[in-house]
Structures are given as structure tokens and as C-alpha cells.
Novice: 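A single structure is presented below for examination.
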Amino acid sequence: MGSILLMGSPGTGKTRLILKYLSYYDKALWVSTTESAPDVRRKLVDFDGELWVVDTHTWDQKVEVERRDIIVSNPMNLNEVSIAIGKALDSLGDEYFIAFDSISGLLLYHTPQKVIHFLRNIVVRMNTDNGAGIFTLVKNAHDVHVETSISLVFHNIIELERVFNGENVKRFIKIIRASQYVEKEVAEIRIVENDVAVPKVFDRFIKQQLNIGR
């Protein structure tokens, strides 16, 4: 199917999980609604492929950008955001990876109905180009009806959770919806230096959905 909706509260490891699987690609687009293009590039300093960044966070602020950075001056205009994404994807061609971080940023300015239509267009384009992507949504930042509506766009949904027990912290990965059978639905994950240790069953499932190794 090529796309995954990744849900979780802040600090659960969503960005680290994206970086783990983005590393398998040599062409990528990072759509940011929460941080500037320079901040995204600092995070992706080890990625040596072709990277485009669409920045809907900076607005009209003056920042130093690279040739493949597109600053959307008015993110309240979804057509402008779509044009920026289209320009990047035209350059990448096919078999690319999209990191969309995050849908929650768009929901600050737009109705769920508009965001759903916008996301459907991206997913259709991505599938046509044999691309893949992970789209994030901040858990509990929206009411349950909005979360449910957004989730309808995606065949595969993963949730990350962080549980505190005194000074100890445990992290879990859950399969909320899957387009194919998965042996386990919940497992513990570990944050390690520059990586996320994901159980083999979940790692294999994610790679299959993102067309990694095919």
C-alpha cells in the first residue's frame, strides 16, 4: 500500500522511527508543519541522497535555505502547499519516500474535510509513482472524531506509546490497522543511539508496507 499513519504523543519516538526507514531510500521529501527547513536538514545530516524539504512552518521568516528547500509563504492556502509538494515530487520522479510531519500542524488551520482531501491526493500520487511514506499525527491533540476521519485515508496505522513507571520508561508499538495479517499487535521497542530497536515482526511489516527490499 505504500503509506503508514504513525500516531503518538510527543516524545514517543515518531521522528526516530521515520529516520530509521527513510535511510533505506536514496530519494526523499520531508514535509514539515512543525519546524523550519534548516532544522529538518540538521536532523537529516547523515542522509546522503536527494532530499527535498517543503517547509510550511517558517512562513515569511527569513531563513537560509538550500536549492531543494521550498518555503510555503501561506500554509493557510492548501493549494500552495500542494503545488510545493508537486514540484518536489516531479523532481524526485518515482520510488521516493515521503515523511509528512505532521498532519496535526495542518489541522491548526484547516478543517478535517479539507485535510483529508489534501492527503488523499498525496497518497494517490505517491502510489502512482510507486513511492512510500510515513505520515504522523499527534495522539490526543484532536478529538476522536477528527482522528477517526483522518485515519480513513490510510490502510496501515501504527501507534507509539510511552509508559512511565517511577523512574522507568517503557515504549510500545501497536498495530491499529493493517492491510495484511501481522503475527503480533503490540510489542516493546527501545530507543538506542541514533536508532529505534523494533521487533522483527514489526520491522518486517513496516518494510513490506514501505516497499523496502522489493
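In this text the structure is predicted, and so the values were computed from the model without any measurement.
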Novice: Hydrophobic cluster membership, with links at side-chain heavy-atom distances under 4.5 Å among I/L/V/M/F/W/Y: are Tyr21 and Ile18 in one?
Specialist: yes

Novice: If every non-hydrogen atom of Leu5 is compared with every non-hydrogen atom of Ser151, which pair is closest and at what distance?
Specialist: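 So the minimum-distance heavy-atom pair works out to CD2-CA, 3.9 Å.
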
Novice: Taking all atoms of both residues into account, what is the closest heavy-atom pair of Val146 and Pro112, and its distance?
Specialist: CG2-CG, 3.8 Å

Novice: What's the verdict on side-chain contact (heavy atoms from CB on, under 4.5 Å) for Ile134 and Phe97, showing C-alpha distance, side-chain angles and the deciding distance?
Specialist: CA-CA 8 Å; Ile134 296 178; Phe97 180 88; 3.9 Å; yes

Novice: If I compare all heavy atoms of Lys20 with all of Val196, which pair ends up nearest, and what's the gap?
Specialist: NZ-O, 3.0 Å

Novice: Are Val138 and Leu119 connected into the same hydrophobic cluster when the rule is that any two of I, L, V, M, F, W, Y join if their side-chain heavy atoms are below 4.5 Å apart?
Specialist: no

Novice: Are Trp30 and Ile212 joined in one hydrophobic group, where the rule is that I, L, V, M, F, W and Y side chains link up if heavy atoms are under 4.5 Å apart?
Specialist: yes

Novice: Taking the side chain as C-beta and beyond, is there a heavy-atom pair between Ile85 and Phe100 under 4.5 Å?
Specialist: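 Ile85 reaches Phe100 side chain to side chain.
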
Novice: In Å, rounded to the nearest 0.5 Å, how long is the span from CZ of Arg125 to OG of Ser82?
Specialist: 11.0 Å

Novice: Report yes if the side chains of Leu19 and Asp46 come closer than 4.5 Å at any heavy-atom pair, otherwise no.
Specialist: no

Novice: Closest heavy-atom contact between Arg162 and Gly11?
Specialist: NH1-O, 3.4 Å

Novice: Output every pair passing side-chain hydrogen bond (donor to acceptor under 3.5 Å, both in side chains) with a member in residues 139-149, not counting sequence neighbours, ordered by first then second residue.
Specialist: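 Qualifying pairs, neighbours excluded: Ser104-His142, Lys139-Glu147.
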
Novice: Which value, rounded to the nearest 0.5 Å, describes the distance between Asn194 atom CG and Ser23 atom OG?
Specialist: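 One gets 11.5 Å once the value is rounded to the nearest 0.5 Å.
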
Novice: Taking only residues two or more places apart in sequence or in another chain, which ones pass salt bridge (charged side-chain N to carboxylate O under 4.0 Å, His left out) with Glu50?
Specialist: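 Glu50 satisfies salt bridge (charged side-chain N to carboxylate O under 4.0 Å, His left out) with Arg68 only.
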
Novice: Please lay out, stage by stage, how Ile98 and Leu89 fare under the test side-chain contact (heavy atoms from CB on, under 4.5 Å).
Specialist: CA-CA 9 Å; Ile98 296 177; Leu89 296 184; 4.2 Å; yes

Novice: Which other residues end up in the same hydrophobic cluster as Phe172, if Ile, Leu, Val, Met, Phe, Trp and Tyr are linked when side-chain heavy atoms come under 4.5 Å apart?
Specialist: Val163, Val186

Novice: Leu29 and Tyr96: side-chain contact (heavy atoms from CB on, under 4.5 Å), yes or no, with the steps?
Specialist: CA-CA 8 Å; Leu29 164 63; Tyr96 48 71; 5.9 Å; no

Novice: Mark yes or no for whether His155, through its side chain, and Gly2, through its backbone, hold a donor-acceptor pair below 3.5 Å.
Specialist: no

Novice: How about Arg190: does its CZ atom have over 12 heavy atoms from other parts shown lying under 6.0 Å from it?
Specialist: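 It does not: Arg190 CZ has 12 such atoms or fewer within range.
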
Novice: Minimum heavy-atom separation for Thr33 and Ser102, please, with both atom names.
Specialist: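 That would be OG1-O, 2.7 Å.
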
Novice: For the CD atom on Glu185, are there more than 12 heavy atoms of other groups (residues, nucleotides or ligands in this structure) within a distance under 6.0 Å?
Specialist: no

Novice: Does a side-chain N-to-carboxylate-O contact under 4.0 Å join Asp203 and Lys207?
Specialist: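 Result for this pair is yes, salt bridge flagged.
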
Novice: Can you tell me how far apart CG (Leu92) and CG (Leu51) are? Round to the nearest 0.5 Å.
Specialist: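 Answer for the CG-CG pair, Leu92 versus Leu51, is 8.5 Å.
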
Novice: Tell me the closest heavy-atom pair linking Ile150 and Phe154, and the distance in Å.
Specialist: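 Closest heavy-atom pair between Ile150 and Phe154: O-CD1, 3.6 Å.
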
Novice: For the atom pair NE2 (His117) and OG1 (Thr111), what is the distance rounded to the nearest 0.5 Å?
Specialist: 11.0 Å

Novice: Are the side chain of Asp69 and the backbone N or O of Glu66 linked by a donor-acceptor pair below 3.5 Å?
Specialist: yes

Novice: May I ask whether Ile83 and Val115 are part of the same hydrophobic cluster, defined by side-chain heavy atoms of I, L, V, M, F, W, Y residues being less than 4.5 angstrom apart, directly or through others?
Specialist: no

Novice: Can you confirm whether Leu137 sits close enough to Leu107 that some side-chain heavy atom of one is under 4.5 Å from a side-chain heavy atom of the other?
Specialist: yes

Novice: Can you tell me if Asp55 and Ser36 form a side-chain donor-acceptor pair at under 3.5 Å?
Specialist: no

Novice: With side-chain hydrogen bond (donor to acceptor under 3.5 Å, both in side chains) as the rule and sequence neighbours excluded, what pairs involving residues 5-14 come up?
Specialist: none

Novice: Apply the test side-chain contact (heavy atoms from CB on, under 4.5 Å) to residues Met7 and Ile176: give CA-CA distance (whole Å), side-chain angles for both, the deciding distance (0.1 Å), then the verdict.
Specialist: CA-CA 10 Å; Met7 303 176 64; Ile176 305 300; 5.7 Å; no

Novice: Hydrophobic cluster membership, with links at side-chain heavy-atom distances under 4.5 Å among I/L/V/M/F/W/Y: are Val201 and Leu160 in one?
Specialist: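 Yes, Val201 and Leu160 fall within the same hydrophobic cluster.
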
Novice: Find the distance between CG (Leu22) and OG1 (Thr15) and round it off to the nearest 0.5 Å.
Specialist: 11.5 Å

Novice: Please examine the side chains of Phe202 and Ile158, heavy atoms only from C-beta on, and report whether any two atoms are closer than 4.5 Å.
Specialist: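 No, every pair of side-chain atoms sits at 4.5 Å or beyond.
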
Novice: Is the shortest side-chain N to carboxylate O distance from Arg204 to Glu183 below 4.0 Å?
Specialist: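 Judged by the 4.0 Å cut-off on N to carboxylate O distance, Arg204 and Glu183 do form a salt bridge.
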
Novice: Mind checking the NZ-CD spacing from Lys174 to Glu161? Nearest 0.5 Å is all I need.
Specialist: 3.5 Å

Novice: Would you indicate whether the side-chain heavy atoms of Ile206 and Ile173 approach each other to under 4.5 Å?
Specialist: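 A side-chain contact exists here, since the closest heavy-atom pair is under 4.5 Å.
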
Novice: Please name all residues satisfying side chain to side chain donor-acceptor pair (under 3.5 Å) with Tyr25, sequence neighbours left out, ordered by chain then number.
Specialist: none

Novice: Connecting only ILVMFWY residues whose side-chain heavy atoms lie within less than 4.5 Å of each other, what is the rest of Val169's hydrophobic cluster?
Specialist: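 Val169 clusters with Phe164.
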
